[in-house]
2 protein chains.
Amino acid sequence: MAGIDDVAQAAGVSTATVSRALRGLPNVSEPTRLRVLAEAARLGYVPTPSASSLATGRTRTIGLLTPWVNRWFFANVIEGAERALRDLGYDVLLYTFDVRRTAARRRVDPSVLRHRVDGTLVVGLPLDDDEVRSLVGLGRPLAFVGSGPADQVTVRLDDVATGRAATQHLLDLGHRVIGHVTGVPDLVSSWSPPVERSQGYAEALEGAGLARDPGLEVNGDFDVAGGRESTTDLLRRRPDVTAVFAASDEMAMGAILAARDRGLRVPEDLSVVGVDGHDLGELVGLTTIAQDAYQQGFDAALLLLDMINGAPVPESLTYPTELVRRRSTAPPRPVA
Amino acid sequence: MAGIDDVAQAAGVSTATVSRALRGLPNVSEPTRLRVLAEAARLGYVPTPSASSLATGRTRTIGLLTPWVNRWFFANVIEGAERALRDLGYDVLLYTFDVRRTAARRRVDPSVLRHRVDGTLVVGLPLDDDEVRSLVGLGRPLAFVGSGPADQVTVRLDDVATGRAATQHLLDLGHRVIGHVTGVPDLVSSWSPPVERSQGYAEALEGAGLARDPGLEVNGDFDVAGGRESTTDLLRRRPDVTAVFAASDEMAMGAILAARDRGLRVPEDLSVVGVDGHDLGELVGLTTIAQDAYQQGFDAALLLLDMINGAPVPESLTYPTELVRRRSTAPPRPVA
DNA sequence: ACCCCCCATGCAAGCGATTGCATCGCGCTG
DNA sequence: CAGCGCGATGCAATCGCTTGCATGGGGGGT
């Protein structure tokens, strides 16, 4: 209720001075500042954000674009980013875009963000060039988490290395017919993690002198259900498969379900390795390449704020991963 | 870049008419409206939200308060709510408050929301009376999901019945020494789900002629780690326990881990039942009382918008639950 | 002592919409 | 044919804060 004028009147100064005092600008004497602060607190004054946005052109809000919130990676990135931003006084506007609406996929329309955010964080959302261009066209800082175009600031893993490490783990155990469960390709821009993890998979196979076989690669939609369906399909077509590398833990869990559906034991009949370090991986005994999604979200938020403040930032940040060996991988059974 | 004035000039009308035409107000002739729409589209005009907020006093934004986003229930509610709100042209401002900061728990400070949202959705956040009062004091519609004070609009389960059903399932299987893993009580207001689920647990025991035993109830912090620790503790103190009712699936999964740590088999040595219908429940074979969190979030959002629009709303919505029997529960082993 | 400079403060013009009220035509009615 | 009423439109105040510029007063340098 109390506006800046009330505070000004109570403190016996002009609104300009109140504004300066409250924001800690210089050129306000200490006694005056204290008096203003005291009156503002007493009256419970809270500045109206739309008024100050209108006057300054900035919103102290950042937009978080993501396809989902109820998936391990996304939820953790969002939580990390939200925490960092809130601690620094920024609000978080959440926008979800379901990338699975394949037919008429809802395109990312940046006009919604215009005049509404000081910067945008794109979390694991594969965008085509037009979408990126229009986002850049907002003229506000932009950062990507998980994956992003080469010329934009991105916080991510080395996905090629990740795919290679997962596949190499299976190769080291002695597997030779290794399936790969990944994301849907036609919705995926050239720079999305599934593509790079697949590349790592291919490189590892090649390094072992094995030929890449398209019949071993299936699309798992990046969730449990998709991982299950596609692995079911794979196991039916290729009963010779002894191991599967899934590009996410959720798909890996789907793969385990598929194996179980078929009466196969994990890891005796089928080894499964995922990527993420999902909270429930231990429960399931899932071997995985673990990453810290929360930290990536947190750091990406800080990076974005640096950009907003005009500070120099690295063009990208690469995070470490760690192979976590659990019960879902083992050497293949000797051929009878 | 283009402001309302540019559109007005291009269409040869006043800004007032542009404003009316764009918002579909009456008293604008059809030819004029069409012309304005065309010019606005051509110029790529997007209204500045802060300006219209300042003028109207509303923000077309709603605040989503929640303790976490990376937990099954919360992530799904948030996703459902976000989808409903976006479809109706509302923005979502995400605020997380970690309730676990026990020492100096960050209190919910509604001043952050003042002048910033048209309504607030509180998701599974146990608040004390002061906090609720200050939220109400914002003078904006308020709705709760998961749990809420008796005099506020709430979307939720019948938690007492849920606790009763879970416990009854164990009783029906023949269990008589049933542990209970629930939330931390000192952070929990009188109306939080753990309290009511515990009450259901107690009622079911009583119905079976069993006395409630405080030594059987432990605090699991509502997550996997907490469920694991507290169940470990419980099993050590009370080796006679043959079944556990956990107030969430995540705690139930922790309980399974605890059993495994101790070399107990589930369900042969220990039956476990949870609440939620977590996506990964099937993988783990977890028996649970399932609910639809996404739908609750979706409907709560619609309810809140009705309140904003002055439409009459029910004072609360109660959702159905369903017992899903899986491998984690079975009759107790006959005593040797 | 005199000036100059700088610091603290106030004035008032925006920022970009919304909206109550006045105005302007026009067709209709008596 | 004059007057009336109503739909369409414009004018200008307003929302609450920020900020460039003007002002005034005090202290320090010479």
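Given the structure is predicted, the values throughout are model-derived calculations rather than measurements. Labels below follow one simple rule: chain letters A, B, ... track the order of the sequence lines, proteins then strands, and each chain is numbered from 1. For the numbers below, each heavy atom of this structure counts, side chains included, while hydrogens, waters and symmetry mates do not.
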- Item | Donor-acceptor pair, side chain of Asp118(B) and main chain of Ile62(B), under 3.5 angstrom |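 Absent.
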Tell me the interatomic distance from [X], atom [atom1], to [N], atom [atom2], rounded to whole angstroms.
{"X": "Gln9(A)", "N": "dG16(D)", "atom1": "CD", "atom2": "P", "answer": "15 Å"}
{"X": "Asp5(A)", "N": "dT14(D)", "atom1": "CG", "atom2": "C1'", "answer": "13 Å"}
{"X": "His115(B)", "N": "dC17(D)", "atom1": "NE2", "atom2": "C1'", "answer": "12 Å"}
{"X": "Leu54(A)", "N": "dT14(D)", "atom1": "CG", "atom2": "P", "answer": "17 Å"}
{"X": "Arg116(B)", "N": "dG16(D)", "atom1": "CZ", "atom2": "C1'", "answer": "14 Å"}
{"X": "Arg58(A)", "N": "dT18(D)", "atom1": "CZ", "atom2": "P", "answer": "12 Å"}
{"X": "Leu22(A)", "N": "dT19(D)", "atom1": "CG", "atom2": "C1'", "answer": "16 Å"}

- Message: How close do Trp72(B) and Gln291(B) get, counting heavy atoms only, and between which atoms?
- Response: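 What the structure gives for the nearest pair is CH2-O, 3.6 Å.
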- Message: Please give me the minimum heavy-atom distance between Ala2(B) and Tyr45(B), naming the atom from each residue.
- Response: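 For Ala2(B) and Tyr45(B), the tightest heavy-atom pair comes out as O-CD1, 3.1 Å.
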- Message: Under 4.0 Å, counting only non-hydrogen atoms across every strand here, what does Thr32(A) touch: a base, just sugar-phosphate, or nothing?
- Response: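 Here Thr32(A) touches the backbone only, sparing every base.
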- Report which part of the nucleic acid Val13(A) touches: base, sugar-phosphate, or nothing (heavy-atom distance under 4.0 Å, all strands).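 Counting heavy atoms under 4.0 Å across all strands, the contact made by Val13(A) is with sugar-phosphate only.
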- Test item: side-chain donor near acceptor, Tyr294(A) and Asn70(B), under 3.5 Å: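 Their side chains do not contain a donor-acceptor pair, so the 3.5 Å distance test is not met.
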- Hey, what bend do you get for the helix from dA1(C)-dT30(D) to dG30(C)-dC1(D) if you fit axes on five pairs at each end, rounded to 10°?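 Roughly 50° between the end axes, to the nearest 10°.
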Contacts under 3.5 Å, N or O only, protein and nucleotides 19-21 of chain C:
| from | atom 1 | to | atom 2 | distance (Å) |
| --- | --- | --- | --- | --- |
| dT19(C) | OP2 | Arg23(B) | NH1 | 3.1 |
| dG20(C) | O6 | Arg20(B) | NH2 | 2.9 |

- Does any non-hydrogen side-chain atom of Leu65(B) lie less than 4.5 Å from one of Leu127(B)?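 Result no, sub-4.5 Å side-chain heavy-atom pair not found.
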- Query: Going by heavy atoms in the side chains, are Val69(A) and Phe74(A) under 4.5 Å from each other?
  - Reply: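 No, their side chains stay 4.5 Å or more apart.
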- Does the pair Glu79(A)/Arg83(A) count as a salt bridge with the N-to-O cut at 4.0 Å?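 Salt bridge present between Glu79(A) and Arg83(A).
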When you measure from the side-chain N and O atoms of [X] to the phosphate of [N], is any distance below 4.0 Å, counting only OP1 and OP2?
{"X": "Asn27(A)", "N": "dC7(C)", "result": "no"}
{"X": "Thr48(B)", "N": "dA17(C)", "result": "yes"}
{"X": "Ser52(A)", "N": "dC17(D)", "result": "no"}

- Separation of Thr66(A) OG1 from Tyr95(A) OH (nearest 0.5 Å):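 It is 14.0 Å, given to the nearest 0.5 Å.
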- Query: Do other residues, nucleotides or ligands put more than 12 heavy atoms under 6.0 Å from the CD atom of Glu30(B)?
  - Reply: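 It does: Glu30(B) CD has more than 12 such atoms within range.
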